[in-house]
Chemist: 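Have a look at this one.
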Amino acid sequence: MDFLSLFTIFVLAVFVGFYVVWGVTPALHSPLLAVTNAISSVIIVGGLIAAVASKGLIDLSSTMGLIAVLLASVNIFGGFMVAQRMLAMFKKKK
Amino acid sequence: MDNTIFGFAYLLSAVLFILALKGLSSPVSARQGNIFGMIGMAIAVVTTLLLHGSGLELGNYTNIIIAVIIGGVFGAILALKISMTALPQLVAAFHSLVGLAAVFVAIGAYKNPSAFFDGGIITTGSMIEMSLGLAIGAITFSGSVIAFAKLQGLVSGNPLVFKGQHLINLIIFLAILTLIYMISVDPMNLSKEQYFWAIVGLSFLIGFLIVLPIGGADMPVVVSMLNSYSGWAACGIGFTLQNTALIITGALVGSSGAILSYIMCKGMNRSIVSVLLGGFGGDSDEAAAAASSPKGNVKRGSADDASFIMGNAQKVIIVPGYGMAVSQAQHALREMCDLLKEKGVEVKYAIHPVAGRMPGHMNVLLAEANVPYDEVFELEEINHEFSTADVAFVIGANDVTNPLAKTDPQSPIYGMPILDVEKAATTLFLKRSMASGYAGVDNDLFFRDKTMMLLGDAKQTTEEIVQALNLS
C-alpha cells in the first residue's frame with residue numbers, strides 16, 4: 001500500500017480514537033489504560049514476522065522477533081486479564 | 001494465497017479494538033468490550049501466522065508457541081496476583097514492555113529486511129518510519145522503567161533536577177533526529193549500522209532523563225503520556241510493516257493516552273510542558289512538615305467525635321485521595337459507609353480527576369471494596385452538592401480540597417479545580433500529619449472552625465470510627 005493510503009488510515013484512526021476515548025467514562029480510566037496497553041501489544045505482529053522469517057534457523061532477527069513475541073504476550077494476557085479483573089469489580093447498587 | 005482476505009482480517013481486528021474502547025463508555029458494556037479486544041488480538045495473531053508462516057516446518061511455530069506461553073503465563077500471574085493499590089506500577093511496567101517489543105521488532109526488521117520489505121530493500125521512507133518507531137519505543141521503555149521505579153518506591157518520588165538538564169535533553173533529542181536523517185538517506189548502507197545502535201542508546205538515555213525530574217504527584221500525567229508513546233511506537237512499526245491493524249491500533253492508543261494526559265493536566269491546571277519540564281511535587285510530608293508552622297488553632301477530633309457527627313448527619317460526602325490508597329483504607333471505609341447507610345445517612349463519593357497515581361485509580365480501589373459505582377461521582381457531577389451535605393469526609397486527600405486554588409493567584413495550585421468540601425457543614429480530615437500536600441502549600445481549611453482533624457493512619461482511624469458506630 002502506498003504511503004498516502006496508510007497515512008489516510010492513520011489520520012482517520014486518530015480521529016476515531018479521539019471521539020471514542022472522550023466517550024469513556026472517567027470512572028473507567030484505569031481499565032482504559034490496561035486495555036489500550038493490551039491492544040497496543042498487537043505489535044506482536046512484527047515479532048511474529050521476524051520470528052517465522054528465518055525458516056527454522058535461529059539467527060539474530062528471529063531471536064529478536066521471539067523476544068518481542070514473548071514481551072508482547074506478557075502484555076496481551078496481563079493487560080486483558082487485569083482489565084477484566086478491574087471491570088468485574090464495578091457493580092451497581094443492589 | 002489472496003492477500004485481500006488477510007487485509008479484511010486485519011481490518012476486522014482493528015474494528016474489534018475500537019469496539020473494546022467503545023465498550024468502556026459504561027461499566028455495563030465494558031466487559032463485553034474487553035472480550036471483543038481479546039478476539040481482535042487472536043485474529044491479528046492467527047492472520048499474521050497464516051500470511052507469513054505458510055510452508056514452514058512445525059519447529060519454528062514451536063518457538064513461537066513457547067514464547068507466547070511463557071509470556072502469557074507470566075502476564076496472567078501478574079494480572080491475577082497484583083494488589084489493586086499497586087496497579088499504577090503494573091501499568092508502567094506493561095508500557096515498558098510494549099516499548100521494548102517495538103525496539104526488538106525494529107532490530108529484527110533492520111537485520112533481516114527480506115522478511116519485512118518488498119525485494120528486501122529498505123526505502124528511505126520505511127527507514128524513517130522504522131527509526132521513529134524504534135526511538136519512541138526505546139523512550140517508552142526507559143521512561144516507563146523510571147516511572148515504575150518511582151511508583152514502586154525503588155527511586156525517590158521527589159523530582160530529580162540538575163543544572164543544564166533541559167539543554168542536555170534538547171541536544172540528545174536533536175542528535176536522535178540527526179541520526180535518523182543520516183541513516184535514512186542511505187538505509188541499505190551497512191556501514192551506517194552504528195547510527196542505528198546510537199539511536200537506540202540515545203533514546204533509552206533521553207527516556208530516563210525525561211521522567212527522572214518529574215515528581216510523584218505528576219505520575220498520572222506520566223503514566224498517560226507513556227501510554228500515548230507506546231501507541232505512537234506501534235504506529236511507527238505499523239507504517240514500516242504496512243500493517244493497517246498496527247497503524248489503527250497505534251493511533252487509537254496514541255490519542256487515548258494523549259487525551260488522558262490532557263484531562264490529568266487540566267485537573268491540576270498545569271500545562272503538559274510544565275509537567276515535562278519537571279521539578280514539581282515530590283512525595284510530600286517530611287521536609288514540608290518541618291517547614292510548615294502552625295497558622296492558628298486546629299480542632300482535633302477523635303473517632304468517637306467523627307462517629308457521632310456522621311451518625312447524626314443526613315448526607316455525607318466521602319473524598320478519597322492517595323492517602324487512602326497508601327493505607328489501604330478502602331475496605332474499612334466501605335464498612336463505615338454501610339453502617340452509616342443503615343442509620344439512614346445518604347452517602348456519596350466524590351472523585352477528583354487527579355486523585356491517586358493513575359487516572360481512575362480511586363474508582364478502581366472503591367470498586368474493589370464493593371462500593372457500587374452509582375454512588376461514586378466525578379468532580380463536576382457532585383461539586384454543587386457539598387453545600388447541602390452535613391459532612392465532607394476527606395480521607396487521604398489534601399491539595400484537591402484547598403480553597404486557595406480559587407482565591408490566591410500567587411499559589412502554585414491557583415486555578416486547579418477543587419472539590420468544595422469547605423461548603424459542607426462540617427469537614428472531617430483524615431491525615432497522617434499536619435503536613436502540606438505535594439504542592440507544598442498549606443491548606444487553611446485545617447484551621448477553620450468547621451473543620452475537624454483526625455490525625456493518624458487512615459485505615460486505623462476509619463476502623464476506630466466503625467467500632468464507635470457499632471457501639472452507638
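Lettering of chains follows the sequences in order, A, B, ..., and the numbering in each one begins at 1.
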Chemist: What about B:F239 and A:F3, are their ring centers closer than 6.0 Å?
Modeler: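 For B:F239 and A:F3, the ring centres are under 6.0 Å apart.
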
Chemist: Is the closest side-chain heavy-atom distance between A:V20 and B:L252 below 4.5 Å?
Modeler: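 The answer is no, as the side chains (C-beta and beyond) never meet within the 4.5 Å cut-off.
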
Chemist: With only heavy atoms counted, which part of B:V376 is less than 4.5 Å from chain A, the side chain, the backbone, both or neither?
Modeler: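 Neither part.
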
Chemist: At a 4.5 Å cut-off on heavy atoms, which part of B:L21 comes close to chain A: side chain, backbone, both, or neither?
Modeler: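 Backbone plus side chain of B:L21, per the 4.5 Å heavy-atom cut-off to chain A.
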
Chemist: Tell me if a side-chain donor or acceptor on A:R85 pairs with a main-chain N or O of B:I82 at a distance below 3.5 Å.
Modeler: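 Confirmed, A:R85 side chain pairs with B:I82 backbone.
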
Chemist: Pick one: which of B:T249, B:I237, B:T48 meets side chain to side chain contact (heavy atoms under 4.5 Å, CB included) with A:V42?
Modeler: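 Between A:V42 and the candidates, side chain to side chain contact (heavy atoms under 4.5 Å, CB included) is satisfied uniquely by B:T249.
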
Chemist: Which region of B:S26, side chain (C-beta onward) or backbone (N, CA, C, O), has a non-hydrogen atom less than 4.5 Å from a non-hydrogen atom of chain A, or is it both or neither?
Modeler: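 Backbone only.
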
Chemist: In the structure I gave you, are the side-chain heavy atoms of B:V253 and A:I39 within less than 4.5 Å of one another anywhere?
Modeler: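 Touching, per the 4.5 Å side-chain cut-off.
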
Chemist: Just say parallel, tilted or perpendicular for the rings of B:Y262 and A:W22, cut-offs at 30° and 60°.
Modeler: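 The rings of B:Y262 and A:W22 stand perpendicular, inter-plane angle above 60°.
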
Chemist: Relative to chain B, which segment of A:A38 carries a heavy atom at a distance below 4.5 Å: side chain, backbone, both, or neither?
Modeler: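 When you check distances to chain B, only backbone atoms of A:A38 fall under 4.5 Å.
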
Chemist: I'd like to check B:L24 versus A:P31 (side-chain heavy atoms, cut-off strictly below 4.5 Å). Are they in contact?
Modeler: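 SC-SC contact between B:L24 and A:P31 confirmed.
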
Chemist: So B:F104 and A:V69, do their side chains get closer than 4.5 Å, heavy atoms only?
Modeler: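 No. Closest side-chain heavy atoms not under 4.5 Å.
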
Chemist: Find the distance between CZ (A:F77) and CE (B:M41) and round it off to the nearest 0.5 Å.
Modeler: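 Rounded to the nearest 0.5 Å, the CZ-CE separation comes to 10.0 Å.
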
Chemist: Checking the side chain of A:S30 only, and the main-chain atoms of B:P359 only, is there a donor and an acceptor separated by less than 3.5 Å?
Modeler: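 Judged by distance alone, yes, a pair lies under 3.5 Å.
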
Chemist: Got A:M86 and B:E368 here, is their nearest side-chain heavy-atom distance under 4.5 Å?
Modeler: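 Of all side-chain heavy-atom pairs linking B:E368 with A:M86, none is under 4.5 Å.
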
Chemist: For B:N34, which atoms come within 4.5 Å of any heavy atom of chain A: side chain, backbone, both, or neither?
Modeler: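 Both backbone and side chain.
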
Chemist: Which atoms of B:L246 are under 4.5 Å from chain A, going by heavy atoms: the side chain, the backbone, both sets, or neither?
Modeler: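 For B:L246, the contact with chain A is made by backbone and side chain together.
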
Chemist: Side chain from CB out, backbone as N, CA, C, O: work out which of these in A:L60 comes under 4.5 Å of a heavy atom of chain B, or both, or neither.
Modeler: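 Only the side chain of A:L60 comes within 4.5 Å of chain B.
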
Chemist: Measure B:Y10 against the heavy atoms of chain A and call it side chain, backbone, both or neither at under 4.5 Å.
Modeler: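 Contact with chain A: side chain only.
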
Chemist: Would you find a donor on one side and an acceptor on the other, under 3.5 Å apart, between the side chain of B:N363 and the backbone of A:L28?
Modeler: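 Checked: no pair found.
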
Chemist: Please examine the side chains of B:E378 and A:P26, heavy atoms only from C-beta on, and report whether any two atoms are closer than 4.5 Å.
Modeler: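 Yes, at least one pair of side-chain atoms sits under 4.5 Å.
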
Chemist: With sequence neighbours excluded, what pairs up with B:E375 under the salt bridge (Lys or Arg N to Asp or Glu O under 4.0 Å) test?
Modeler: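 For B:E375, the residues satisfying salt bridge (Lys or Arg N to Asp or Glu O under 4.0 Å) (neighbours in sequence not counted) are B:K341.
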
Chemist: Using only atom types and a distance under 3.5 Å, with no angle test, would you say the side chain of B:N112 pairs donor to acceptor with the backbone of A:S61?
Modeler: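 No; zero donor-acceptor contacts below 3.5 Å.
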
Chemist: Determine whether B:I248 and A:F10 make a side-chain contact, defined as any pair of heavy atoms from C-beta on separated by less than 4.5 Å.
Modeler: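 A side-chain contact is absent here, since even the closest heavy-atom pair is not under 4.5 Å.
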
Chemist: Answer whether the closest heavy-atom distance between the side chains of A:S73 and B:I70 falls below 4.5 Å.
Modeler: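 Not touching, per the 4.5 Å side-chain cut-off.
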
Chemist: Give, as side chain, backbone, both or neither, the part of B:I77 having an atom under 4.5 angstrom from any heavy atom of chain A.
Modeler: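 Neither part.
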
